[in-house]
Amino acid sequence: MNQNERLCPHPSDGKAVEKEYDIIVIGGGIAGCSAALASARHGKKTLLIEKLIVLGGLATTGHITIYLPLDDGYGRQVIGGISEELLKLSARYAYHGNDISTWKEDGRRYECKFNGPAFSLALEELLLSEGIDILYDSLFTGAQVSEGICSGVYVENKSGRQFFGCKGVVDASGDADLFFRSGSTCIAEENSLAIWLYFTEGSNVGAIQKRGGNDAPGLELSAFGTIDTKAQKHIVTEPYFGDTGECVNRFIIDSHKRILNVLKDNPSASPASLPGMADIRKARRIEGAYELSDIDADKHFEDNIACTGDWRRPGPVYEIPYRTLFNGDLKNVLSAGRCISTSGEAWEIIRCIPQASATGQAAGTALALSLESDLAVQNLDVRKLRSELLADGVILDANKE
């Protein structure tokens, strides 16, 4: 062994506590980043665990690089707080500079297209500047739970199996992984095949849907799914769920086959980048104390912790109840992002970037307040939570008369 070499340490077995934190956030997507920011800003020592090597999740690694509207479709802003902050951050290194000062009132909805890698780097810089520890390339594998209290989480990485202690956890995994592995009831919904990727500008990609406008110079962001644009028929016969290894694996392999078929049908097409994770829209979510559903559009909830419009059409506004973030099993764990308790069209809305950020901020804030009050998340004074969220720029009570 020469002076530039060293003996590799023995693999960790997860029996020793690597480090203790107030709050651990599982998942470095937009929901997880927002939860970690809220936690740290409320004075909590925070660790963010991410299985990939960049932040942003589907928004960056998945190539879904469009920050959807914060309004109700008629020019009224209904999402604020960290979600608005991250919108501005995503535009900081945008391709052509984005005017984010106004929300349109002429029937058009504002959308910000951003540079995914640049947004990832900006997110990392922001989180590190707030004193948040980030653990990359580490896969969450389980939690230590006793009598409804999670006292730490297990991860697997190059060191082996590691254990990190904590006082509370935000499950922003996108798939309710901590809830699921702790035995809580979870729900999965079928998805269609959907792939987002970049082609070199001018590639002939047939009838694939172009996302249009403000792409990276020389690149075109395209999205396509289960419809074979040449044969005009579905290329799969089974729905895709995102709650098992087999389902996710089949989604990935079929995605790759679909892309290869495009290249075979369009010899001049030239892909520049493939998504680094499965572009599954709705995977696994918790069965919470309340399930937000289609019938809740325009309804007022006294415990709402965020609001959202419908990015697909103007009009409906959903208030998101705090009760969608927890269930009756875990006393110091909250969900955030697409794995909160929603169904139907509400789930279709909540899974997106601005809404993931909004629920992440609510979860990080609520958990911090619960720890300060020594209360289970189910017993937190929602009035105090809402007061904190309002002070932090969150828009509440959009449907209150």
Side-chain angles (χ1 to χ4, degrees), residues 11-42 44-62 82 120-121 123-145 149-182 184 248 276-278 283-284 286 325 330 332-340 356-357 359-361 363-364 367-368 371:
S12 303
D13 58 9
K15 294 180 180 179
V17 179
E18 298 292 332
K19 203 169 182 179
E20 293 277 358
Y21 289 89
D22 294 321
I23 292 176
I24 292 178
V25 179
I26 306 298
I30 300 302
C33 289
S34 300
L37 284 169
S39 168
R41 289 172 180 176
H42 284 83
K44 298 298 174 280
K45 186 178 180 182
T46 305
L47 171 66
L48 179 70
I49 297 173
E50 170 52 41
K51 63 183 179 181
L52 303 177
I53 63 169
V54 294
L55 299 177
L58 284 170
T60 56
T61 310
I82 291 177
S120 293
L121 296 174
L123 283 167
E124 179 180 278
E125 180 182 48
L126 175 60
L127 267 61
L128 292 176
S129 73
E130 300 270 357
I132 297 164
D133 286 352
I134 303 172
L135 183 63
Y136 284 124
D137 197 29
S138 297
L139 180 66
F140 165 78
T141 58
Q144 183 171 284
V145 178
I149 298 293
C150 178
S151 56
V153 303
Y154 294 95
V155 301
E156 291 276 352
N157 57 29
K158 288 296 184 189
S159 296
R161 192 180 198 215
Q162 294 186 306
F163 179 80
F164 293 88
C166 65
K167 299 175 183 176
V169 180
V170 175
D171 185 343
S173 63
D175 305 314
D177 283 341
L178 190 149
F179 283 89
F180 176 71
R181 288 175 179 262
S182 300
S184 293
V248 175
M277 59 189 300
R284 186 168 54 210
I286 69 168
L325 307 187
L330 300 173
N332 65 337
V333 181
L334 291 170
S335 61
R338 72 180 186 186
C339 57
I340 72 169
S357 178
T359 57
Q361 179 175 3
L367 193 52
L371 297 181

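All heavy atoms count here, side chains included; hydrogens, waters and symmetry mates do not. These numbers were taken from a predicted model, which means no experiment stands behind them.
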Over 12 non-hydrogen atoms of neighbours within 6.0 angstrom of CD in Glu125: no
In terms of heavy-atom contacts, does CG of Leu139 have more than 12 from other residues, nucleotides or ligands at under 6.0 Å? yes
Validation row: [X], [Y] side chains within 4.5 angstrom (heavy atoms):
X	Y	result
Ser159	Glu18	no
Val145	Val333	no
Asn157	Asp137	no
Ile82	Arg41	yes
Met277	Leu58	yes
Ile134	Leu55	yes
Arg284	Asp177	yes

Locate the shortest heavy-atom distance separating [X] from [Y]; write the atom from each residue and the value.
X	Y	value
Ser357	Ser34	OG-OG, 2.8 Å
Ile132	Leu128	O-CD2, 3.6 Å
Ala176	Ser173	N-OG, 3.1 Å

Could you grab the distance from atom CG of Leu135 to atom CD1 of Ile26, nearest 0.5 Å is fine? 9.5 Å
Let me know which of Glu124, Lys51, Glu50 forms a side chain to side chain donor-acceptor pair (under 3.5 Å) with Tyr136. Glu124
Check against side chain to side chain contact (heavy atoms under 4.5 Å, CB included), Val169 and Leu330: CA-CA 10 Å; Val169 180; Leu330 300 173; over 6 Å; no
Stepwise, does the side chain to side chain contact (heavy atoms under 4.5 Å, CB included) test hold for Asp22 with Lys167? CA-CA 5 Å; Asp22 294 321; Lys167 299 175 183 176; 3.3 Å; yes
Checking Glu20 now: which residues fulfil side-chain contact (heavy atoms from CB on, under 4.5 Å) with it, not counting sequence neighbours? Val17
Excluding sequence neighbours, so at least two apart, what forms side-chain contact (heavy atoms from CB on, under 4.5 Å) with Tyr21? Lys19, Ile24, Lys45, Leu47, Asp133, Phe164
May I ask you to check whether Ser151 and Gln144 show a side-chain donor-acceptor distance below 3.5 Å? yes
